[in-house]
Amino acid sequence: MTSGGWDPQGDRLAARAIAAGDTTGWFEELYAGGVRGEVDMPWDRTFPHPLLAEWAEREGVRGAGRRAVVTGCGLGADAEFLTGLGFRALGFDVAESAIKVARDRHRGSGTEYAVGDLLDPPADWIHAFDLVVDVITVQALPEPPRHTAIVNVGRLVAPGGTLLVIAYRSDGSTYVVPPWPLTRAEIDAYGTDGLVPVRIEELTIDGGDLTARWRAEFHRPH
Ligand SMILES: C[S@@+](CC[C@H](N)C(=O)[O-])C[C@H]1O[C@@H](n2cnc3c(N)ncnc32)[C@H](O)[C@@H]1O
């Protein structure tokens with residue numbers, strides 16, 4: 001039996017880890033608690049993020065064997081969606097337990113999963129992906145290292161490729177626990193390293209306390 005809410009447990013683990021100078025270690029602790037059944041599985045989503053699915057349909061996105069990556073992929077629903085669109089998709093996450101669950105859930109799907117750190121991506125991922133999808137990842141990180149993570153997401157995009165960012169949107173409030181929603185300046189910061197903005201949307205989703213979202217698309221010219 002779980003004690004339920006992974007969210008308060010995440011807040012506790014994040015506060016403790018960040019106070020100790022470790023900004024990413026708590027994700028593994030939280031997912032490992034989910035695997036052990038101590039809390040519900042965090043960020044447990046079996047369908048693509050609705051703003052990703054809507055964008056893909058609107059833009060008529062098809063993979064046609066091109067490479068895609070999902071940063072901070074968690075349990076893999078968005079990476080699986082991209083595989084379904086015909087991409088050769090990689091999902092990576094800093095939390096080993098999340099990657100194990102993603103592999104177990106989607107065995108045989110063709111999606112590749114890897115443990116990887118956005119703050120130190122392997123050299124062969126740089127400028128390597130035709131589509132990079134970043135869904136509610138960076139707002140779970142404080143500053144620093146948030147800016148480094150933002151810039152590194154953009155560095156994954158290949159020449160001619162696309163970056164799609166879906167993130168919590170700041171309304172200017174002070175946020176005490178994660179997620180720390182992104183400001184417009186932080187969204188603009190994705191557009192470094194030669195990426196150019198295509199469309200930056202300010203959206204509102206249904207339900208919950210924090211309903212403001214960014215959906216931002218960038219392109220790297222050839
Ligand atoms: C808010 S959760 C969202 C998970 C998933 N993207 C989703 O939408 O369900 C943030 C995710 O980012 C991952 N993450 C945080 N920092 C990371 C880093 N430096 N490198 C890779 N993944 C990271 C966490 O482990 C976690 O799975």
Side-chain angles (χ1 to χ4, degrees), residues 5-11 13-14 17-18 21-35 39-56 68-82 89-103 105-106 111-122 125-126 129 131-156 163-169 175 177-182 186 190 205 208-210 213-215:
W6 57 268
D7 215 357
Q9 175 68 345
D11 291 346
L13 291 175
I18 291 166
D22 176 6
T23 53
T24 56
W26 64 276
F27 295 105
E28 170 55 25
E29 282 188 75
L30 188 57
Y31 281 113
V35 169
V39 288
D40 296 333
M41 189 60 81
W43 299 292
D44 195 354
R45 186 157 56 75
T46 52
F47 48 87
H49 193 288
L51 295 182
L52 168 63
E54 186 188 80
W55 172 81
V69 65
V70 179
T71 59
C73 68
L75 308 178
D78 294 331
E80 293 302 318
F81 176 66
L82 298 186
L90 165 70
F92 77 90
D93 200 287
V94 74
E96 194 177 345
S97 292
I99 291 301
K100 273 193 191 142
V101 174
R103 282 192 183 126
R105 279 191 180 180
H106 307 296
T111 307
E112 189 188 340
Y113 289 100
V115 177
D117 189 351
L118 200 43
L119 301 175
D120 186 21
W125 289 1
I126 306 301
F129 297 94
L131 176 62
V132 176
V133 171
D134 183 61
V135 177
I136 62 165
T137 298
V138 164
Q139 76 254 314
L141 297 171
E143 178 67 271
R146 173 186 289 229
H147 184 76
T148 303
I150 288 174
V151 171
N152 283 350
V153 169
R155 291 173 68 218
L156 303 177
L163 164 63
L164 186 75
V165 179
I166 293 165
Y168 282 62
R169 176 162 56 86
Y175 303 95
V177 291
W180 298 285
L182 274 67
E186 288 173 321
Y190 280 95
I205 61 160
D209 294 333
L210 294 169
R213 296 286 182 277
W214 296 109
R215 180 168 57 195

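Not measured: the values here are computed from a predicted model. Atoms within each ligand, like the ligands themselves, are counted from 1 in listed order. Starting from 1, each residue takes its place in the sequence as its number.
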Peer 1: If you look at every heavy atom in Gly154 and Leu163, which pair is closest and at what distance?
Peer 2: CA-CD2, 4.3 Å
Peer 1: Between ligand 1 and Thr71, is the shortest N or O to N or O distance under 3.5 Å?
Peer 2: no
Peer 1: For ligand 1, which atoms sit closer than 4.0 Å to a heavy atom of Ile136?
Peer 2: 1 (C), 2 (S), 3 (C), 8 (O), 10 (C)
Peer 1: Looking only at N/O atoms, are Asp78 and ligand 1 under 3.5 Å apart anywhere?
Peer 2: no
Peer 1: Do NZ/NE/NH1/NH2 and the carboxylate oxygens of Glu54 and Arg215 come within less than 4.0 Å?
Peer 2: yes
Peer 1: Give the C-alpha distance, both sets of side-chain angles, the deciding distance and a yes or no for ring pair (Phe, Tyr, Trp, His ring centres under 6.0 Å) between Trp214 and Tyr168.
Peer 2: CA-CA 6 Å; Trp214 296 109; Tyr168 282 62; over 10 Å; no
Peer 1: Can you name the nearest heavy-atom pair linking Pro48 to Ala53, along with the distance?
Peer 2: CG-CB, 4.2 Å
Peer 1: Does any N/O atom on Ala95 come nearer than 3.5 Å to any N/O atom on ligand 1?
Peer 2: no
Peer 1: Can you sort out which atoms of ligand 1 are near Tyr31, meaning under 4.0 Å from one of its heavy atoms?
Peer 2: 25 (O), 26 (C), 27 (O)
Peer 1: Give the numbers and elements of all ligand 1 atoms closer than 4.0 Å to a heavy atom of Phe27.
Peer 2: 15 (C), 16 (N), 24 (C), 25 (O), 26 (C)
Peer 1: Do the side chain of His106 and the main chain of Ala79 share a donor and acceptor less than 3.5 angstrom apart?
Peer 2: no
Peer 1: Mind checking whether Gln139 has an N or O less than 3.5 Å away from an N or O of ligand 1?
Peer 2: no
Peer 1: For the CG atom of Leu141 and the CZ atom of Arg146, what is their distance to the nearest 0.5 Å?
Peer 2: 7.0 Å
Peer 1: Taking the minimum heavy-atom distance to atom 8 (O) of ligand 1, which of Arg45, Glu28, His49 ranks first?
Peer 2: Arg45
Peer 1: Check each atom of ligand 1 against the heavy atoms of Gly74 and keep those under 4.0 Å away; list them by number with element.
Peer 2: 27 (O)
Peer 1: Looking only at distances, please establish whether an N/O atom of ligand 1 is found under 3.5 Å from an N/O atom of Leu118.
Peer 2: yes
Peer 1: Look at atom 25 (O) of ligand 1 and say which protein heavy atom is nearest, naming residue and atom and giving the distance to 0.1 Å.
Peer 2: Asp93 OD1, 2.6 Å
Peer 1: Show me which atoms of ligand 1 lie under 4.0 Å from any heavy atom of Gly116.
Peer 2: 20 (N), 21 (C)
Peer 1: Pick, from Val94, Val133, Val70, the option with the minimum heavy-atom distance to atom 23 (C) of ligand 1.
Peer 2: Val94
Peer 1: Does Glu143 reach the main-chain N or O of His147 with its side chain, forming a donor-acceptor pair under 3.5 Å?
Peer 2: yes
Peer 1: So does Pro179 get a backbone contact from the side chain of Gln139, meaning a donor-acceptor N/O pair under 3.5 Å?
Peer 2: no
Peer 1: How far does CG of Leu210 sit from OH of Tyr175, to the nearest 0.5 angstrom?
Peer 2: 6.0 Å
Peer 1: With atoms numbered from 1 as shown, which atoms in ligand 1 lie under 4.0 angstrom from a non-hydrogen atom of Val135?
Peer 2: 6 (N), 8 (O)
Peer 1: CG of Leu90 to OH of Tyr113: how many Å apart, nearest 0.5 Å?
Peer 2: 9.5 Å
Peer 1: Which atoms from ligand 1 have a heavy atom of Leu141 less than 4.0 Å away?
Peer 2: 16 (N)
Peer 1: Ignoring hydrogens and geometry, is there a side-chain-to-backbone donor-acceptor pair from Asp93 to Gly74 under 3.5 Å?
Peer 2: yes
Peer 1: Report the member of Pro42, Pro179, Gly72, Pro48 with the shortest heavy-atom distance to atom 6 (N) of ligand 1.
Peer 2: Gly72
Peer 1: Measure from atom 12 (O) of ligand 1 to every heavy atom in Thr137, Thr24, Asp117, Asp120 and give the option owning the shortest one.
Peer 2: Thr137
